[in-house]
Amino acid sequence: MKATGIVRRIDELGRVVIPKEIRRTLRIREGDPLELFTDRDELMLKKYSPIASIERFSEASVKSLNEQSGYLALICDTDGVLGAAGAGRKAFPGKTVSEALTEVMRARRSYLANRAEGGDVIPVTQEGGEDVTAQVIVPIVSGGDCLGAVVLLSREEGAEMDASAVKLARLTADIIANQFV
């Protein structure tokens with residue numbers, strides 16, 4: 001854990017203000033759920049990710065999605081890539097999602113882009129540089145809340161994903177979302 005040097009007082013209702021710069025750095029927005037952890041005299045706040053709580057299920061889902069589609073498959077929560085399966089998978093887990101992917105998740109609409117057809121392929125992570133030629137992004141929505149996204153990627157030159165890839169990603173997103181109903 002890294003000390004920030006910032007000290008805050010608890011108010012009469014037990015509230016503590018998290019400074020704006022820390023919220024921005026950790027991508028914590030108003031209404032985001034935080035999980036509390038204690039260890040002796042320490043208190044730790046962590047941004048809560050429901051999908052991370054079903055990690056084993058997500059790992060199995062992303063592996064199945066890769067096997068069925070033949071594409072690099074990812075499962076993300078609203079902050080980062082949780083799991084990946086397929087060629088090039090090692091470059092993704094633990095990386096922060098891009099603003100463009102965050103916008104797709106906020107819109108709660110599927111996104112399909114094929115560079116061969118002039119589509120606008122967006123970066124999946126903040127680091128970018130993924131050399132993707134086609135992609136499908138399907139938000140995982142449960143109870144009206146976006147929990148993350150299922151992503152299929154191709155790096156093959158001239159690759160074109162079609163409606164069947166979207167349906168497969170949507171099915172996976174629906175199965176994951178139903179774990180929270």
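All heavy atoms count here, side chains included; hydrogens, waters and symmetry mates do not.
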Point to revise | Residue pair I75 / L65, side-chain heavy-atom distance below 4.5 Å | key: no
Cut-off 3.5 Å, no hydrogens considered: what does the side-chain donor-acceptor table look like for residues 100-108, sequence neighbours left out?
from, atom 1, to, atom 2, distance (Å)
T102, OG1, R27, NH2, 2.7
T102, OG1, S98, O, 3.0
E103, OE2, R106, NH1, 2.3
R108, NE, G144, O, 3.2
R108, NH1, R106, O, 3.1
R108, NH2, G144, O, 3.1

Check your understanding: Which pair of heavy atoms, one from V124 and one from Q135, lies closest together, and at what distance?
Key -> CG2-NE2, 4.1 Å
Review point. Is V150 reachable from I122 through a run of hydrophobic residues whose side-chain heavy atoms are each under 4.5 Å from the next?
Key: no
Check your understanding: Can you name the closest pair of heavy atoms from A165 and L152 and give their distance?
Key -> O-CD1, 3.6 Å
Point to revise | Audit row: Y111, V151, side-chain contact (heavy atoms from CB on, under 4.5 Å) steps and yes/no | key: CA-CA 9 Å; Y111 185 85; V151 180; over 6 Å; no
Practice item. Check whether F37 and V16 end up in the same hydrophobic cluster, where Ile, Leu, Val, Met, Phe, Trp and Tyr are linked by side-chain heavy atoms less than 4.5 Å apart. Key: no
Revision key, fill the gap. Heavy-atom closest pair (G119 atom, A113 atom, distance to 0.1 Å) is C-CB, 4.4 Å
Review point. Taking all non-hydrogen atoms of both residues, which atom of A173 and which atom of P139 are closest, and how far apart?
Key: CB-O, 3.8 Å
**Study point:** Backbone of E160 reached by a side-chain donor or acceptor of E117 within 3.5 Å
**Key:** no
Review point. What closest approach, in Å, do V81 and C76 show between heavy atoms, and which atom pair accounts for it?
Key: CG2-SG, 4.0 Å
**Study point:** Main-chain N/O of V62 paired with N66 side-chain donor or acceptor, under 3.5 Å
**Key:** no
Practice item. Kindly indicate whether the side chain of S69, heavy atoms from C-beta on, has any atom under 4.5 Å from the side chain of M161. Key: no
Check your understanding: Is a side-chain N or O of T133 found less than 3.5 angstrom from the main chain of E157, in a donor-acceptor match?
Key -> no
Review point. How about L153 and E130: do any of their side-chain heavy atoms sit closer than 4.5 Å?
Key: no
Review point. For the atom pair CG (D174) and CG (N178), what is the distance rounded to the nearest 0.5 Å?
Key: 6.5 Å
Practice item. Hey, could you give me the CG/OG distance between L82 and S61, rounded to the nearest 0.5 Å? Key: 11.5 Å
Point to revise | Audit row: Q68, L168, side-chain contact (heavy atoms from CB on, under 4.5 Å) steps and yes/no | key: CA-CA 8 Å; Q68 295 302 312; L168 193 55; 3.8 Å; yes
Check your understanding: With side chains defined as the heavy atoms from C-beta onward, is the minimum distance between D39 and M44 less than 4.5 Å?
Key -> no
Review point. L72 and I140: same hydrophobic cluster, using ILVMFWY side-chain contacts below 4.5 Å?
Key: no
**Study point:** Polar side-chain atom of D145 near backbone of L147 as donor-acceptor pair, under 3.5 Å
**Key:** no
Review point. Considering all heavy atoms of both residues, which atom of P123 and which atom of G128 are nearest to each other, and what is their separation?
Key: CB-CA, 4.2 Å
Review point. Hey, are the side chains of L36 and L45 touching, using non-hydrogen atoms and a 4.5 Å cut-off?
Key: yes
Check your understanding: Between R115 and V132, is there a donor-acceptor pair closer than 3.5 Å when you use the side chain of the first and the backbone of the second?
Key -> yes
Practice item. Decide side-chain contact (heavy atoms from CB on, under 4.5 Å) for V136 and Y71; before the verdict, give the C-alpha distance in whole Å, the side-chain angles of both, and the deciding distance to 0.1 Å. Key: CA-CA 10 Å; V136 170; Y71 297 117; over 6 Å; no
Check your understanding: Side-chain contact, heavy-atom cut-off 4.5 Å: L34 with I18?
Key -> yes
Point to revise | Residue pairs passing the salt bridge (Lys or Arg N to Asp or Glu O under 4.0 Å) test where at least one lies in residues 15-25, sequence neighbours excluded | key: D11-R15, E21-R24
Exercise for review: Verify the neighbour count for atom CZ of R9: are there more than 12 heavy atoms of other residues, nucleotides or ligands below 6.0 Å?
Suggested key: no
Exercise for review: For I10, look at atom CD1 and say whether over 12 heavy atoms of other residues, nucleotides or ligands are found less than 6.0 Å away.
Suggested key: no
Review point. Sub-3.5 Å donor-acceptor pair from the side chain of N114 to the main-chain atoms of A116, do we have one?
Key: no
Review point. Going through the checks in order, is the side-chain contact (heavy atoms from CB on, under 4.5 Å) test met by D32 and T78?
Key: CA-CA 10 Å; D32 283 351; T78 56; over 6 Å; no
**Study point:** Q126 CD: over 12 foreign heavy atoms closer than 6.0 Å
**Key:** yes
